[in-house]
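Count residues from 1 along the sequence. As a basis for the values below, the full set of heavy atoms in this structure was taken, side chains included, without hydrogen atoms, waters or symmetry mates.
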Amino acid sequence: MEQTTIQTNSLNKENLNILVTDPVADLMLNTLKEKGFHVDYQPEISKEELMKVIENYDIIVVRSRTKVTRDIIERGKRLKIIARAGIGLDNIDTDAAQERGIKIVYAPGASTDSAVELTIGLMIAGARKMYTSMTLAKSGIFKKIEGLELAGKTLGIIGFGRIGTKVGIIAKAMGMRVLAYDIVDIKDRATQLGIIPVTLEELLKQSDVISLHVTVGKNAKPILDEKVFEIMKDNVIIVNTSRAVAVDGQALLKYIKSGKVYAYAADVLWHEPPKEEWELELLKHERVTITTHIGAQTKEAQYRVAVTTTENLLNAIKELGVQF
């Protein structure tokens with residue numbers, strides 16, 4: 001489809017309207033205002049209200065709450081830039097934006113360290129049955145709970161990008177043997193780090209712990225499906241801080257209940273909050289540890305996200321020919 005050409009000749013900072021529809025750091029708001037831009041801050045705006053006003057704005061800034069869907073993009077006749085104060089674009093219809101010639105800016109990599117640390121924490125929580133132990137402790141019951149050590153175990157990393165790579169480096173420092181798989185060629189980079197590049201099947205058959213670090217669409221087929229669970233090792237620990245849909249949740253529940261999966265620890269759910277019966281049952285299982293999508297929720301990460309997104313947004317505005 002041909003892209004729509006956006007006319008920018010008459011734009012200047014006085015008539016460029018920016019709408020911020022989710023809570024963002026003061027740094028971003030203050031910087032934009034200091035540059036002389038008109039910024040409307042409506043962090044609780046509903047989709048219905050957004051549909052009514054989006055035609056008045058050249059730029060929309062969102063985080064995770066606002067879904068920038070095709071109908072919003074089509075209604076936003078003046079839209080030239082969509083900015084997401086975050087590391088991914090799951091809540092933006094990127095195809096619709098591309099068709100309109102709308103530029104998208106975000107902050108890839110800004111929360112890598114936060115996601116890595118949470119992944120390692122969840123890995124330890126699953127191995128040491130920390131959910132069960134903490135629940136007992138809060139009930140006043142001090143019963144010793146036996147878990148597993150990670151040292152000496154094999155970790156299989158599915159998705160060897162920024163986060164997966166750093167998880168592998170830390171896991172090696174903990175005494176783990178690390179395997180990695182990706183759809184792109186990672187052989188040289190992995191080998192240089194002392195990490196073994198393997199096929200997905202080899203990873204599944206050899207790993208005591210599997211950690212997912214993938215970017216897939218919400219309608220993607222699971223990477224860990226019924227057939228895949230069958231070829232995994234017994235007592236495998238699965239950690240997922242990327243996308244819930246990468247795992248077949250109903251198959252996971254089956255193998256958690258059978259004992260084949262020793263623990264599942266994740267920062268993502270198929271529905272947030274959960275709504276399916278199998279999802280609720282899985283959530284309540286004593287060997288399942290779920291956090292509330294906090295991978296990027298550290299003060300340090302949010303600051304980096306704000307700085308990076310603001311810098312990228314200002315650069316994109318300059319590309320429109322706007323002087324400030």
Side-chain angles (χ1 to χ4, degrees), residues 114-158 163 167 170-171 174-176 203-214 222-297:
S114 296
V116 169
E117 290 178 9
L118 181 62
T119 299
I120 297 296
L122 287 171
M123 202 179 297
I124 295 170
R128 298 302 298 270
K129 298 183 179 178
M130 290 179 69
Y131 173 80
T132 299
S133 181
M134 289 187 290
T135 301
L136 288 172
K138 286 180 177 292
S139 301
I141 301 170
F142 276 71
K143 175 184 176 182
K144 295 187 184 298
I145 302 295
E146 185 178 75
L148 299 173
E149 289 183 356
L150 294 174
K153 300 294 193 299
T154 296
L155 168 65
I157 298 172
I158 301 177
I163 296 172
V167 167
I170 294 174
M174 293 167 59
M176 301 186 78
L203 183 148
L204 296 167
K205 288 181 177 179
Q206 296 182 43
S207 298
D208 302 296
V209 182
I210 295 171
S211 190
L212 290 152
H213 303 282
V214 297
I223 297 170
L224 305 187
D225 59 16
E226 178 82 26
K227 293 181 180 179
V228 165
F229 277 104
E230 291 176 0
I231 66 174
M232 290 180 193
K233 295 177 71 172
D234 288 341
N235 291 317
V236 66
I237 296 170
I238 300 171
V239 181
N240 187 3
T241 54
S242 57
R243 301 290 186 271
V245 295
V247 180
D248 182 330
Q250 295 185 65
L252 171 64
L253 177 60
K254 172 183 173 181
Y255 287 104
I256 275 278
K257 291 168 72 173
S258 74
K260 183 180 179 73
V261 175
Y262 181 85
Y264 182 70
D267 189 41
V268 288
L269 274 182
W270 295 265
H271 302 94
E272 297 178 7
K275 64 180 183 180
E276 301 288 348
E277 286 298 324
W278 60 264
E279 198 173 11
L280 291 165
E281 183 179 356
L282 184 67
L283 187 64
K284 294 174 183 177
H285 197 283
E286 64 177 2
R287 286 183 282 108
V288 172
T289 301
I290 303 292
T291 49
T292 54
H293 214 143
I294 59 172
Q297 300 304 310

Walk me through it: do Val239 and Ile120 pass the test side-chain contact (heavy atoms from CB on, under 4.5 Å)?
CA-CA 9 Å; Val239 181; Ile120 297 296; over 6 Å; no
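- Residues passing the side chain to side chain donor-acceptor pair (under 3.5 Å) test with Asp267 are Thr291, sequence neighbours excluded.
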Check against side-chain contact (heavy atoms from CB on, under 4.5 Å), Leu224 and Tyr255
CA-CA 12 Å; Leu224 305 187; Tyr255 287 104; over 6 Å; no
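- Under the side chain to side chain donor-acceptor pair (under 3.5 Å) criterion, Thr119 pairs with Thr241, not counting sequence neighbours.
- For the side-chain contact (heavy atoms from CB on, under 4.5 Å) test, residues two or more places apart in sequence or in another chain that qualify with Glu276 are His271, Trp278, Glu279.
- With rounding to the nearest 0.5 Å, the separation of CG in Asn240 from CD1 in Ile210 is 11.0 Å.
- Partners of Ala171 under the side-chain contact (heavy atoms from CB on, under 4.5 Å) rule, at least two apart in sequence or in another chain, are Leu155, Met176, Val178.
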Less than 3.5 Å apart, which donor and acceptor atoms pair up between the side chains of residues 229-238 and the rest of the protein, not counting sequence neighbours?
unit_1	atom_1	unit_2	atom_2	d
Lys233	NZ	Asp208	OD1	2.8
Asp234	OD1	Lys260	NZ	3.2

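- Within the model, atoms CD of Gln297 and CG of Leu118 stand 10.5 Å from one another, a figure rounded to the nearest 0.5 Å.
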With a 3.5 Å cut-off and sequence neighbours excluded, list the donor-acceptor pairs that the side chains of residues 144-154 form with protein atoms.
unit_1	atom_1	unit_2	atom_2	d
Lys153	NZ	Glu149	O	2.9
Thr154	OG1	Arg177	NH1	3.3

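- Partners of Thr289 by side chain to side chain donor-acceptor pair (under 3.5 Å), not counting sequence neighbours: none found.
- Remark: Ile157 CD1 to Leu212 CG distance equals 10.5 Å, nearest 0.5 Å.
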Can you check side-chain contact (heavy atoms from CB on, under 4.5 Å) on Val228 and Ile223, steps first, answer last?
CA-CA 8 Å; Val228 165; Ile223 297 170; over 6 Å; no
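- Closest heavy-atom contact between Ser114 and Ala296: CB-CA, 4.4 Å.
- Of all the heavy atoms in Ala266 and Leu122, the pair that sits closest is C-CD1, 3.9 Å.
- In terms of heavy atoms, Ser242 sits closest to Val214 at CB-O, 3.2 Å.
- Here Leu282 contributes atom CG and Arg287 contributes atom CZ; the two are 10.5 Å apart, rounded to the nearest 0.5 Å.
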Acceptor/donor pairs from residues 123-136 side chains to any protein atom, 3.5 angstrom cut, sequence neighbours excluded:
unit_1	atom_1	unit_2	atom_2	d
Thr132	OG1	Glu286	O	3.3
Thr135	OG1	Tyr131	O	2.7

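- Applying the salt bridge (Lys or Arg N to Asp or Glu O under 4.0 Å) rule to pairs touching residues 243-255 yields Asp90-Arg243, Glu226-Lys254, sequence neighbours excluded.
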